[in-house]
Amino acid sequence: MDREQVLERMRREKIIAIVRGVETASIGGVALALTAGGITCMEITVDHRTQDGPEETYRSIAWLRERMGEAVCLGAGTVLDEEETRRAVAAGADYIISPNLDEGVIRLTRELGKVSIPGTFTPSEAVQAYRWGADIVKLFPAGLLGPDYIKALKGPLPHIPFCAVGGITPENAGDFIRAGCVSLGIGGNLVNLTAVREKRFGDLTAAARRFAAGAAGLEIDLIHQDNQDKN
């Protein structure tokens, strides 16, 4: 997918699943479960815990790209430098997400024709990220800031697209979207590692449906439907 197609898909689906700490052997089951629940944008985070962690991440990205193609909108997360950017793009990442603000990562991502989503916390960082070429500016940790902070930022900065990450739930997802975010990054609340280890992929599909509905402002309707299905 080209940059505009990736950005359009993110704006349409609103949710980016943060897949962290999942082994390559389980990555296919996770991806299939999330897509079944309506979430196809997935960020595979670079694992910095061990020396071999980044290589495992690139293998997971390449595995998904080869087997699922454009059925998934695939990105790399926790990308900290230009070398990791190059490796992730070579593996098949459509976009690069970072927890921090790094000019080199932003500029290289754009040079490679991919979508850049760097992490920021303050208005000054958000403006700088956008000037350097960020397509979407990640606000992290959004749970500490809340939707009111997004509204405050959008007042003087209506031209900057924001993605809220951290502390997003099905219940508050719609609030962040209404506050002005174009997308939301969701990790452990969506991709539960215990469920992954126990191969309860249906739990991930159900969570994906709840988050997708929440971002669309349909939380109550979906909860009612879940209760109906159980009866």
Side-chain angles (χ1 to χ4, degrees), residues 6 10 15-35 37 39-69 71-102 104-106 108-109 112 114-121 129 134 136 138-143 163-168 183-201 203-204 207-208 211:
V6 171
M10 288 180 175
I15 304 293
I16 301 172
I18 300 172
V19 182
R20 179 184 292 111
V22 175
E23 296 180 354
T24 301
S26 298
I27 205 74
V30 170
L32 289 172
L34 292 172
T35 56
I39 294 176
T40 71
C41 294
M42 301 173 203
E43 164 201 333
I44 313 302
T45 62
V46 178
D47 187 351
H48 296 101
R49 295 173 298 175
T50 66
Q51 186 174 355
D52 296 333
E55 292 299 327
E56 177 80 0
T57 302
Y58 307 138
R59 282 194 293 271
S60 292
I61 293 172
W63 192 96
L64 284 173
R65 176 58 68 220
E66 179 181 350
R67 288 162 176 78
M68 297 193 70
V72 291
C73 184
L74 193 58
T78 319
V79 176
L80 301 181
D81 57 41
E82 293 172 55
E83 177 60 21
E84 290 179 359
T85 302
R86 290 190 182 91
R87 295 295 303 279
V89 170
D94 292 316
Y95 48 95
I96 299 296
I97 301 181
S98 301
N100 62 315
L101 181 59
D102 186 290
V105 169
I106 295 171
L108 178 59
T109 300
L112 295 173
K114 304 304 178 181
V115 170
S116 172
I117 310 176
T120 70
F121 191 76
I136 298 173
K138 169 180 167 179
L139 287 174
F140 172 80
C163 173
V165 179
I168 310 297
S183 60
L184 308 172
I186 304 163
N189 289 338
L190 172 58
V191 186
N192 183 285
L193 291 182
T194 299
V196 173
R197 285 192 295 270
E198 296 176 357
K199 300 189 183 303
R200 291 185 284 110
F201 295 118
D203 290 2
L204 273 63
F211 272 104

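Nearest heavy atom pair, residue Thr35 against residue Ala71, reads CG2-O, 4.2 Å. Across every non-hydrogen atom of Ala91 and Tyr58, the tightest pair is CB-O, 3.5 Å. Closest approach of Val72 and Asp94 over heavy atoms only: O-OD2, 4.3 Å. Contact between Ile27 and Ser60 at its shortest, heavy atoms only, is CG1-CB, 4.3 Å. Smallest separation of non-hydrogen atoms from Val105 and Thr109: O-OG1, 2.6 Å. Here the shortest heavy-atom pairing between Phe121 and Phe140 reads CD1-O, 3.2 Å.
To the nearest 0.5 Å, atoms CE (Met42) and CG (Leu34) are separated by 4.5 Å. We find the CD1-CG distance between Ile44 and Leu74 to be 5.5 Å, quoted to the nearest 0.5 Å. How far NZ of Lys138 is from CG of Leu101: 12.0 Å, rounded to the nearest 0.5 Å. Note that the CD1 atom of Ile96 and the CG atom of Leu80 stand 11.0 Å from one another [nearest 0.5 Å]. Separation of atoms CZ (Arg197) and CG (Asn192) is listed at 8.0 Å; rounding is to 0.5 Å. How far CD of Glu56 is from CD1 of Ile61: 11.0 Å, rounded to the nearest 0.5 Å.
The existence of a salt bridge linking Arg87 and Glu84 is excluded, since no basic side-chain nitrogen approaches an acidic carboxylate oxygen closer than 4.0 Å.
Glu198 CD: more than 12 foreign heavy atoms inside a 6.0 Å radius. Around CD of Glu82, the count of heavy atoms belonging to other residues, nucleotides or ligands within 6.0 Å exceeds 12.
Considering only heavy atoms from C-beta on, Glu23 stays 4.5 Å or farther from Val196 through its side chain. Within the 4.5 Å cutoff, side-chain heavy atoms of Tyr95 are placed close to those of Ile16. Ile117 is listed as a side-chain neighbour of Met10, based on a closest heavy-atom distance under 4.5 Å. Val191 is listed as a side-chain neighbour of Val30, based on a closest heavy-atom distance under 4.5 Å. Side chains of Arg20 and Asp47 form no contact here, defined as non-hydrogen atoms less than 4.5 Å apart. Between Ile39 and Leu190, some side-chain heavy-atom pair lies under the 4.5 Å cut-off. Thr120 places a side-chain heavy atom less than 4.5 Å from the side chain of Leu139. Counting heavy atoms from C-beta outward, Val6 and Cys41 have side chains that stay 4.5 Å or more apart.
Within the 3.5 Å criterion, the main-chain N or O of Thr45 finds a donor-acceptor partner in the side chain of Thr57. Ser183 contributes no side-chain N or O that, together with a main-chain N or O of Ile15, makes up a donor-acceptor pair within less than 3.5 Å. A donor-acceptor contact shorter than 3.5 Å is absent between the side chain of Thr40 and the backbone of Cys73.
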